Amino acid sequence: MPIRLHESLTRTPRELKPAQPDGVFRFYNCGPTVYAPAHIGNFRSFVVNDVIRRLLDLEFPGKVKHVRNLTDVDDKTIKRAQDEQRPLADVTKQWTDKFHADCAALNCLPPHVEPTATGHIREQVDMIDVLMKKGNAYRAADGSVYFKVSSFDDYGKLSRVKERELQAGTALSHKSQAADADEKEDVSDFALWKAHKTEDGANSWDSPWGRGRPGWHIECSAMSKKHLGETIDLHTGGVDLLFPHHENEIAQSQCCNGATFAHHWYHSEHLLVDGRKMSKSLGNLYTLDDLKAKGFSPMALRYALLASHPRKQQNFTLDSLHAAESALKTLRAFRAALGTQSGDAVLEPILAALRDDLNTPGALGALFTLVNRGPAGVDAAAFDRVMFALGLDLNAAAPKAEIPSDIADRAKQRWEAKLGKDWAKADALRKDLAARGWSMLDRKDGYTLEPVKR
RNA sequence: GGCGCGGUAGCCAAGUGGUAAGGCCGAGCUCUGCAAAAGCUCUAUCGGCGGUUCGAUUCCGCCCCGCGCCUCCA
């Protein structure tokens, strides 16, 4: 059964398969801007893409090339560096490292290539140069270079937004018009190269049009071309990237290369908090560290993120993390019961749900239907394959809390009381522990302390 | 204003033209000094109103409500 995935251009599911004769599947996923810790809304997108990557690995073993960029030069990274009076590279290194650590904790496979914008200035300049020569771009008086949207007939095909409509109506568009009106020929035009400004500090590069830095969109076009070629099989990102980012990428790449940029576009939906989009600008965000501080494991977050369909908005709650933690516990126990046994129970519905437009909640449903039937007949290796596809690492540590010494002491006393069959004292201590937020789980040979579930 | 998405049990969440997976929580029972774990059982007619149909939660229309994009953004 092939992998079918919703395609944003046609809005219909389509099979994923390599288009080129070498059989390599070319996959580009828009990565983070490294100027601050990524929030869990960002990670929804990366976790979803990780499942795509894993399905592709299973489908086309050894023939997947996965590229995910790091945006390490833009307004935000530069501002952060200037504010902190540090070199740009220092700042982006710090947040790149943090991003990698969080991805690892969430069990996301690293992409095969992780190019940076600053590492591909020449490639970007070269592309802009071609666009200038072909008449798709123009240099403004200040040395900035803009893409001329009117030169590309297909502009707006992905987002189905015509340039005229962008100008119509709202106060918002007036605002953006005012911001750039002095340099652009048309409000819809977007920057390919931004002329150096004083607030950019030392962060500028030479170009045929003067010192400056690349616009945001061109990096993906250039890096995708360099590492995957002119035409790729799949390009993904969050819905917010659909317009203008991906629309602009298509315009640049296709005008420059004269070839289809991407066969397949896929966009995952947003994570909401309190019914609103989680975003850095709204400030309603959680980072992975925030959740870890509340005692949740990264794997629980991964599970919770997979519990909703990737193309539906998901309203994130701490409650979903409790549910995830419990579900993972069940899965760990089930896996342990499997040992190394082989069997012929049918696990296919789980993977089939994933291959059917990434129906992760459907897959989890099918998984628990299986789990509820018990471990008999379930093949351990097949089960592990399913866990691989979902990226659920059942060996990852369950959340552990520091046990205060007074709690440990009380627990020890209770255990001794229990061994002495002093039930009244044992029960009193259990109650006392509970009041202090700890539950004591007895085993035959000892006990475990856990924070009380709430 | 333009483009788009969604409204399914207490919470989360799949799905289907023929009376609705799964997770969490909760309740009851079994087991067990107690608690936990484990096992069993129980909990919805799918936003509203019309239409099509033998039959709609699933298709169509209208309405109500929520959200996203159109500006940096996963």
Side-chain angles (χ1 to χ4, degrees), chain A residues 8 11 29-33 35 38-49 71 74-76 79 156 159-173 175-177 179-180 188 216 236-245 247 267-272 275-282 303-304 306-309 311-317 319-331 333 349 353 359-372 374 414 418 421-424 426-431 433-434 439-443 447-448 450 453:
Chain A
S8 300
R11 294 181 193 179
N29 171 21
C30 280
T33 301
Y35 73 107
H39 58 65
I40 62 173
N42 297 318
F43 284 118
R44 182 185 197 196
S45 158
F46 297 122
V47 165
V48 165
N49 274 278
T71 297
D74 78 323
D75 293 347
K76 298 185 297 277
K79 181 170 191 310
S159 54
R160 307 189 185 202
V161 176
K162 288 290 169 203
E163 41 182 314
R164 280 202 192 85
E165 288 161 349
L166 291 182
Q167 300 172 41
T170 68
L172 288 172
S173 66
K175 202 164 103 188
S176 67
Q177 274 181 35
D180 291 319
S188 300
W216 172 40
T236 65
V239 270
D240 52 338
L241 298 183
L242 197 140
F243 187 90
H245 187 53
E247 197 72 75
H267 298 92
S268 50
E269 259 295 351
H270 282 307
L271 197 64
L272 310 178
R276 319 241 29 139
K277 184 175 84 160
M278 176 181 296
S279 73
K280 287 170 183 166
S281 53
L282 289 177
Y303 186 100
L306 293 177
S308 292
H309 193 108
R311 285 196 300 106
K312 268 174 91 167
Q313 292 172 346
Q314 175 181 12
N315 195 11
F316 177 79
T317 61
D319 228 34
S320 72
L321 255 25
H322 284 114
E325 215 72 81
S326 298
L328 283 170
K329 211 166 170 181
T330 302
L331 291 176
N359 188 349
T360 52
L364 292 175
L367 173 62
F368 274 89
T369 300
L370 175 95
V371 167
N372 290 335
R414 197 201 72 93
K418 174 184 167 163
K421 299 202 187 236
D422 184 349
W423 306 134
D427 288 353
L429 279 163
R430 175 185 287 293
K431 221 171 173 177
L433 282 165
S439 55
M440 191 166 170
L441 310 179
D442 293 3
R443 294 187 313 272
Y447 56 88
T448 308
E450 275 185 6
K453 282 184 198 164

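Sequence lines set the chain letters: A, B, ... in the order given, protein chains first and strands last, and positions in each chain run from 1. This one's a predicted model, so the numbers in the text were calculated from it and none came from an experiment.
- Checking B:rG22, B:rG15, B:rA74 against the side-chain heavy atoms of A:Ser45 singles out B:rA74 as nearest.
- Comparing B:rA14, B:rG22, B:rC69 against the side chain of A:His270 picks out B:rC69 as the nearest.
- Remark: C1' of B:rC34 and NZ of A:Lys431 are 11 Å apart, rounded to the nearest angstrom.
- Whole-Å rounding puts the A:Lys312 NZ to B:rG68 C1' distance at 14 Å.
- The distance from the CD atom of A:Glu269 to the OG atom of A:Ser308 is 11.0 Å, given to the nearest 0.5 Å.
- Rounded to a whole angstrom, the distance from the C1' atom of B:rG18 to that of B:rA27 is 33 Å.
- Rounding to whole angstrom units, CG of residue A:Leu370 and C1' of B:rG22 are separated by 12 Å.
- No option in A:His39, A:Met278, A:Gln313, A:Lys277 other than A:Met278 meets the side-chain contact (heavy atoms from CB on, under 4.5 Å) test with A:Leu271.
- Counting to the nearest Å, the C1' atom of B:rU71 and the CG atom of A:Asp74 are 14 Å from each other.
- Protein atom CG of A:Asn315 is 20 Å distant from nucleotide atom P of B:rC24, rounded to whole Å.
- Residue contacts shown for A:Arg11 are limited to sugar-phosphate atoms, with no base heavy atom under 4.0 Å away.
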Polar atom pairs (N or O), protein with nucleotides 30-33 of chain B, under 3.5 Å:
from	atom 1	to	atom 2	distance (Å)
B:rG33	O6	A:Arg414	NH1	3.1
B:rG33	N1	A:Asp427	OD1	2.9
B:rG33	N2	A:Asp427	OD1	2.7
B:rG33	N2	A:Asp427	OD2	2.5

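- Between A:Glu247 atom CD and B:rC70 atom C1' there is a gap of 11 Å when expressed in whole angstrom units.
- Between the side chains of A:Thr33 and A:Asp74, no donor-acceptor pair is found at a separation under 3.5 Å.
- Counting heavy atoms from C-beta outward, A:Thr330 and A:Ser326 have side chains that stay 4.5 Å or more apart.
- Checking B:rA21, B:rC3, B:rC69 against the side-chain heavy atoms of A:Thr369 singles out B:rA21 as nearest.
- The gap from the C1' atom of B:rU41 to that of B:rC31 amounts to 15 Å, rounded to the nearest Å.
- A gap of 13 Å separates the C1' atoms of B:rA44 and B:rA13, to the nearest Å.
- The residue from A:Leu321, A:Thr360, A:Leu331 that alone fulfils the side-chain contact (heavy atoms from CB on, under 4.5 Å) condition with A:Tyr303 is A:Leu331.
- Within the nucleic acid shown, A:His39 comes within 4.0 Å of at least one base atom, counting heavy atoms only.
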Scan nucleotides 64-67 of chain B against the protein and return all N/O pairs shorter than 3.5 Å with their distances rounded to 0.1 Å.
from	atom 1	to	atom 2	distance (Å)
B:rC67	OP1	A:Arg276	NH1	3.2
B:rC67	O3'	A:Gly275	O	3.4
B:rC67	O2'	A:Gln313	OE1	2.9
B:rC67	O2'	A:Gln313	NE2	3.1

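- Counting non-hydrogen atoms under 4.0 angstrom, A:Gly237 reaches the backbone sugars and phosphates but no base.
- Rounded to the nearest Å, the gap between the P atom of B:rG23 and that of B:rC70 is 38 Å.
- Interatomic distance, A:Arg44 CZ to A:Leu306 CG, rounded to the nearest 0.5 Å: 9.5 Å.
- Here A:Leu271 lies in heavy-atom contact (under 4.0 Å) with a base.
- In this entry the distance linking CZ of A:Arg311 with C1' of B:rG6 reads 12 Å, nearest Å.
- In this structure, CG on A:Asp427 lies 10.5 Å from NZ on A:Lys418, to the nearest 0.5 angstrom.
- When side chains are defined from C-beta on, A:Cys30 counts as touching A:Leu241, because their heavy atoms get closer than 4.5 Å.
- Considering all non-hydrogen atoms of both residues, A:Ala307 and A:Pro361 come closest at O-CB, 3.4 Å.
- Side-chain nitrogen and oxygen atoms of A:Thr33 include none within less than 4.0 Å of the OP1 or OP2 phosphate oxygen of B:rC72.
- Taking atom C1' on both B:rU52 and B:rC62, the two are 15 Å apart, rounded to the nearest angstrom.
- Looking at every heavy atom in both residues, A:Glu247 comes nearest to A:Arg160 through OE1-N, 4.4 Å.
- Spacing between B:rA56 and B:rG15 at atom C1', rounded to whole Å, works out to 14 Å.
- Looking at heavy-atom distances under 4.0 Å, A:Gly238 makes contact with sugar-phosphate atoms alone, never a base.
- Using a 4.0 Å heavy-atom distance criterion, A:Ser308 is classed as a sugar-phosphate-only contact.
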Starting at the 5' end of RNA chain B, what dot-bracket string do you get if Watson-Crick and G-U pairs under 3.5 Å are bracketed, crossing pairs use [ ], other-strand pairs use | and unpaired bases use dots? (((((((..(((.....[...))).(((((.......)))))....(((((..]....))))))))))))....

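- Nucleic acid contact for A:Ser159: sugar-phosphate only, since backbone atoms but no base atoms lie under 4.0 Å from a heavy atom of the residue.
- Checking B:rA74, B:rA14, B:rG23 against the side-chain heavy atoms of A:Asn42 singles out B:rA74 as nearest.
- Residue A:Asn372 places at least one side-chain N or O closer than 4.0 Å to OP1 or OP2 of B:rG23.
- Across the P atoms, B:rU45 and B:rU57 are found 12 Å apart, a figure rounded to whole Å.
- Annotation: B:rU30 and B:rG6 have their C1' atoms spaced 43 Å apart (nearest Å).
- Whole-Å rounding puts the A:Leu433 CG to B:rC34 P distance at 18 Å.
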